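Here's the structure we're looking at; comments come further down.
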Amino acid sequence: MSEPVNAPFTAFIGGMVEEKSEGRVRLSLATGPQHADAIGNVHTGALTTIMDSVIGIALGTLRGERGTYRPHATIEMSTSFYAHATPGDEIDAEGRVTQLSERVAFGEVEARRRSDGALLAKARLTFAIPAARP
């Protein structure tokens, strides 16, 4: 399926939608020197950006048109990093919405190095959903 992401910043760093179904998404990122931190590893900000977008897009598949006039926003993200990636690695981030209510949603995502499947990071996210306007 491989298509660009709608979120401007995620698209800017190169995030691509690989799979999308109801409440689940897989994004990829082909890293390069522009994704490096000061010591030459892929910056954790690139990983967290992709992981945040996974759940944001997955939530959009569940909310549909409501997400246009009542857009959701990340209010909390807890991330654990297990390994680093280096520029040139391809990264897959896959996740799902674990719970959705009228005003809040929760999701979980994992980022892995495509070449060997090594777990790079795991995150849990909370999204706020604004109240319906009268």
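What you see is a predicted model; the values in this text were computed from it and never measured.
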What do the steps show when you test E102 against R70 for salt bridge (charged side-chain N to carboxylate O under 4.0 Å, His left out), and what is the final call?
-> CA-CA 11 Å; E102 186 63 24; R70 288 178 47 214; 3.1 Å; yes
Say you draw a straight line from CZ of R26 to CD1 of I57; how long is it, rounded to the nearest 0.5 Å?
-> 12.5 Å
With L119, which residues qualify under side chain to side chain contact (heavy atoms under 4.5 Å, CB included), at least two apart?
-> Y82, E110, R112, K122
Taken to the nearest 0.5 Å, the spacing of T49 OG1 from M77 CE works out to 8.0 Å
Heavy-atom closest pair, residues A105 and L100 = CB-CD1, 3.9 Å
Using the rule that two of Ile, Leu, Val, Met, Phe, Trp, Tyr join whenever any of their side-chain heavy atoms come within less than 4.5 Å, decide whether M16 and I50 are in one cluster.
-> no
Between S21 and T61, which heavy-atom pair has the shortest distance, and what is it?
-> O-OG1, 3.3 Å
Decide if atom CG of D37 counts as having more than 12 heavy atoms of other residues, nucleotides or ligands within a radius under 6.0 Å.
-> yes
Are the side chain of R113 and the backbone N or O of H84 linked by a donor-acceptor pair below 3.5 Å?
-> yes
Side-chain heavy atoms under 4.5 angstrom apart, residues restricted to Ile, Leu, Val, Met, Phe, Trp, Tyr: same cluster for V97 and V104?
-> no
Checking side-chain contact (heavy atoms from CB on, under 4.5 Å) against L120, which of I91, T44, D89, V42 comes through?
-> I91
Roughly how far, to the nearest 0.5 Å, is NE2 of H35 from OG1 of T86?
-> 13.0 Å
Within 6.0 Å of CZ in F12, more than 12 heavy atoms from elsewhere = no
CD1 (I55) and CZ (R24) are apart, to the nearest 0.5 Å, by 9.5 Å
Path from M51 to F106 over hydrophobic side-chain contacts below 4.5 Å = no
Indicate the atoms forming the closest heavy-atom contact of A111 with L47, along with that distance.
-> CB-CD2, 4.2 Å
Straight-line distance of R63 CZ to F127 CZ, nearest 0.5 Å = 10.5 Å
Flag for T74-D52: side-chain donor and acceptor within less than 3.5 Å | yes
With a cut-off of 6.0 Å (strictly less than), are more than 12 heavy atoms of other residues, nucleotides or ligands near CD of E22?
-> no
State whether the number of non-hydrogen atoms from other residues, nucleotides or ligands found under 6.0 Å of H43 atom NE2 is greater than 12.
-> no
Closest non-hydrogen contact found for P87 with G40 is CD-O, 3.1 Å
Taking only residues two or more places apart in sequence, or in another chain, which ones meet A7 in a side chain to side chain contact (heavy atoms under 4.5 Å, CB included)?
-> V5, T10
R124 backbone acceptor or donor facing S78 side chain under 3.5 Å | no
Say whether F9 and V17 are linked into one hydrophobic cluster, either directly or through other cluster members, by side-chain heavy-atom distances under 4.5 angstrom.
-> yes
E18 and S28: side chain donor to acceptor below 3.5 Å = yes
Pairwise distance CD1(I75) to CG(L125) - rounded to 0.5 angstrom = 10.5 Å
Least distance between heavy atoms, V54 atom then G95 atom | CG1-N, 3.4 Å
